[in-house]
Participant: 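Before we start, here is the structure in question, set down as structure tokens.
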Amino acid sequence: GGAMTISRYSTAVGIGALGAEDVGDQSTAVGYVALGLQNSDSNNEATQNTGVGHQAGYNNVTGQANTYIGYKAGNGAADDSNSYNTAVGRNALLSIETSNSNVAIGDSAGYAVTTGHENVIIGANAGNATTDVGYAVIIGQAAGQANMTNDADGTIAIGRSALAALTSGAGNVAVGYQAMDTTTTG
């Protein structure tokens, strides 16, 4: 929080934590460069981000109301902003860019999500290659592992490796161990 000038009600613990923030309020950063590039775009704006862990939420610049917990959780791409996301686990939502309203829980859950939105991804490596899917529910270790795009919006994959190969085909529902794990489209 070394750049803070009129920022209020924020907490920064760790080298470079909230390092770029100067005017935003109500954020908590704990860990090496956690929320490091956050820099609110208006005076005393309630950014309300939480980043706990090494580089948690590091590249999120003006996004608000995110919770990133774990090593590089919500780390993101350089100079992007995202809001209303929750990522818990090592590398959860690691590649996030402009995505909003996602929940990713588990080691590398939602790892490659860049612009996907309003998803629930739970489990180690669940949805780890998907980039742009929306409105999806992916639950289970290695479920939904392929690169799902917006052509797969509304997908529901529940169970270990469920819909593991799906890339497109909106509204698919697969429940159970390896359910439809070789389906790629449709």
Side-chain angles (χ1 to χ4, degrees), residues 1-128 130-139 150 153:
M4 290 184 190
T5 55
I6 63 169
S7 180
R8 303 172 302 173
Y9 318 117
S10 291
T11 303
V13 178
I15 295 172
L18 277 174
E21 184 61 82
D22 56 356
V23 298
D25 292 348
Q26 302 173 9
S27 287
T28 302
V30 178
Y32 175 74
V33 298
L35 302 177
L37 296 183
Q38 176 180 304
N39 195 2
S40 177
D41 54 1
S42 61
N43 289 349
N44 299 120
E45 175 180 59
T47 52
Q48 300 171 334
N49 289 309
T50 300
V52 178
H54 179 94
Q55 294 185 0
Y58 175 72
N59 284 300
N60 187 26
V61 179
T62 59
Q64 299 174 317
N66 294 294
T67 300
Y68 296 128
I69 300 174
Y71 174 84
K72 291 192 175 183
N75 181 276
D79 300 322
D80 278 321
S81 296
N82 50 79
S83 296
Y84 313 107
N85 296 294
T86 299
V88 178
R90 183 184 72 96
N91 294 327
L93 292 180
L94 176 76
S95 304
I96 194 167
E97 293 176 3
T98 57
S99 300
N100 292 314
S101 303
N102 293 291
V103 174
I105 300 172
D107 181 52
S108 298
Y111 181 98
V113 171
T114 55
T115 55
H117 53 91
E118 299 161 276
N119 298 300
V120 175
I121 303 171
I122 300 173
N125 296 310
N128 71 343
T130 190
T131 56
D132 188 37
V133 72
Y135 319 110
V137 175
I138 302 169
I139 299 174
N150 60 356
D153 280 1

Participant: With distance as the sole test, does Asn66 use its side chain to make a donor-acceptor pair with the main-chain N or O of Asn82 at under 3.5 Å?
Facilitator: yes
Participant: Has Asn128 got a side-chain atom pairing as donor or acceptor with Ala109's backbone, closer than 3.5 angstrom?
Facilitator: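 Looks like no, no N/O pair under 3.5 Å.
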Participant: Between atom OH of Tyr9 and atom OG1 of Thr28, what is the distance when rounded to the nearest 0.5 Å?
Facilitator: 14.0 Å
Participant: Quick one: does any side-chain atom of Ser27 pair with a main-chain N or O of Ser10 as donor and acceptor, under 3.5 Å?
Facilitator: no
Participant: Give the minimum heavy-atom separation between Gly74 and Ala87, together with the two atoms involved.
Facilitator: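 That closest heavy-atom pairing would be N-CB, 4.3 Å.
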Participant: Might you work through the side chain to side chain contact (heavy atoms under 4.5 Å, CB included) test for Asn102 and Ile121, ending with a clear yes or no?
Facilitator: CA-CA 8 Å; Asn102 293 291; Ile121 303 171; 5.7 Å; no
Participant: Which residue pairs pass the salt bridge (Lys or Arg N to Asp or Glu O under 4.0 Å) test when at least one of the two sits in residues 34-43, sequence neighbours left out?
Facilitator: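 The answer is none; no pair qualifies.
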Participant: Do the side chain of Asp22 and the main chain of Ala3 share a donor and acceptor less than 3.5 angstrom apart?
Facilitator: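 A pair under 3.5 Å: no.
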Participant: Can you tell me if Asn85 uses its side chain to pair, donor with acceptor, with the backbone of Ser83 under 3.5 Å?
Facilitator: yes
Participant: Is the shortest side-chain heavy-atom distance between Gln38 and Leu18 below 4.5 Å?
Facilitator: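 Yes, close enough: below the 4.5 Å cut-off.
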Participant: Would you please name every residue forming a side-chain hydrogen bond (donor to acceptor under 3.5 Å, both in side chains) with Glu118, sequence neighbours left out?
Facilitator: none
Participant: Do you know which two heavy atoms are closest between Ala126 and Ile138, and how far apart they sit?
Facilitator: CB-CG2, 4.1 Å
Participant: Quick test of your reading: applying salt bridge (Lys or Arg N to Asp or Glu O under 4.0 Å), list the pairs with at least one residue in residues 8-21, sequence neighbours left out, ordered by first then second residue.
Facilitator: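 The answer is Arg8-Asp25.
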Participant: If you measure from CG on Asn91 to OH on Tyr111, what distance do you get to the nearest 0.5 Å?
Facilitator: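 Taking CG in Asn91 and OH in Tyr111, the distance rounds to 5.5 Å.
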Participant: Quick check for you: to the nearest 0.5 Å, what is the distance between Asn100 atom CG and Thr115 atom OG1?
Facilitator: 10.5 Å
Participant: Specify the closest pair of heavy atoms between Ser81 and Asn60, including all atoms of both residues, with the distance to one decimal.
Facilitator: CA-OD1, 3.2 Å
Participant: Only pairs at least two apart or in different chains count here, so list each salt bridge (Lys or Arg N to Asp or Glu O under 4.0 Å) that has a residue in residues 74-99.
Facilitator: Arg90-Asp107
Participant: Give every residue pair that meets the salt bridge (Lys or Arg N to Asp or Glu O under 4.0 Å) criterion with at least one member in residues 51-73, sequence neighbours excluded.
Facilitator: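 The answer is none; no pair qualifies.
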Participant: How far apart are the closest heavy atoms of Val113 and Ser99, and which atoms are they?
Facilitator: CG1-OG, 3.5 Å
Participant: Ignoring hydrogens, what is the shortest heavy-atom contact between Ala34 and Ala29? Give both atom names and the distance.
Facilitator: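 Distance-wise, the nearest heavy atoms are O-CB, 3.4 Å.
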Participant: Please confirm whether the backbone N or O of Tyr58 pairs with a side-chain atom of Asn75, one donor and one acceptor, at under 3.5 Å?
Facilitator: no
Participant: When rounded to the nearest 0.5 angstrom, what is the spacing between CG in Asn59 and CD1 in Ile96?
Facilitator: 11.0 Å
Participant: Taking Ser108 for the side chain and Ala92 for the main chain, is one N or O donor matched with an acceptor at less than 3.5 Å?
Facilitator: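 No, because the side chain of Ser108 does not come within donor-acceptor range (under 3.5 Å) of the backbone of Ala92.
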Participant: Just by distance, do the side chain of Asn119 and the backbone of His117 share a donor-acceptor pair under 3.5 Å?
Facilitator: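 Yes, Asn119 side chain to His117 backbone: donor-acceptor pair under 3.5 Å.
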Participant: Strictly distance-based, threshold 3.5 Å: is any side-chain N or O of Asp153 a donor or acceptor partner for the main-chain N or O of Gly134?
Facilitator: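 Here the side-chain-to-backbone pair exists.
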Participant: Test of understanding: with side-chain hydrogen bond (donor to acceptor under 3.5 Å, both in side chains), list the residues that count as partners of Ser95, not counting sequence neighbours.
Facilitator: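 Ser95 satisfies side-chain hydrogen bond (donor to acceptor under 3.5 Å, both in side chains) with no residue once adjacent residues are dropped.
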Participant: Do we see a donor-acceptor contact under 3.5 Å between the side chains of Gln48 and Gln26?
Facilitator: yes
Participant: Show the nearest heavy-atom pair for residues Gly57 and Tyr68, with the distance to one decimal.
Facilitator: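 Nearest heavy atoms, Gly57 then Tyr68: CA-CD1, 3.6 Å.
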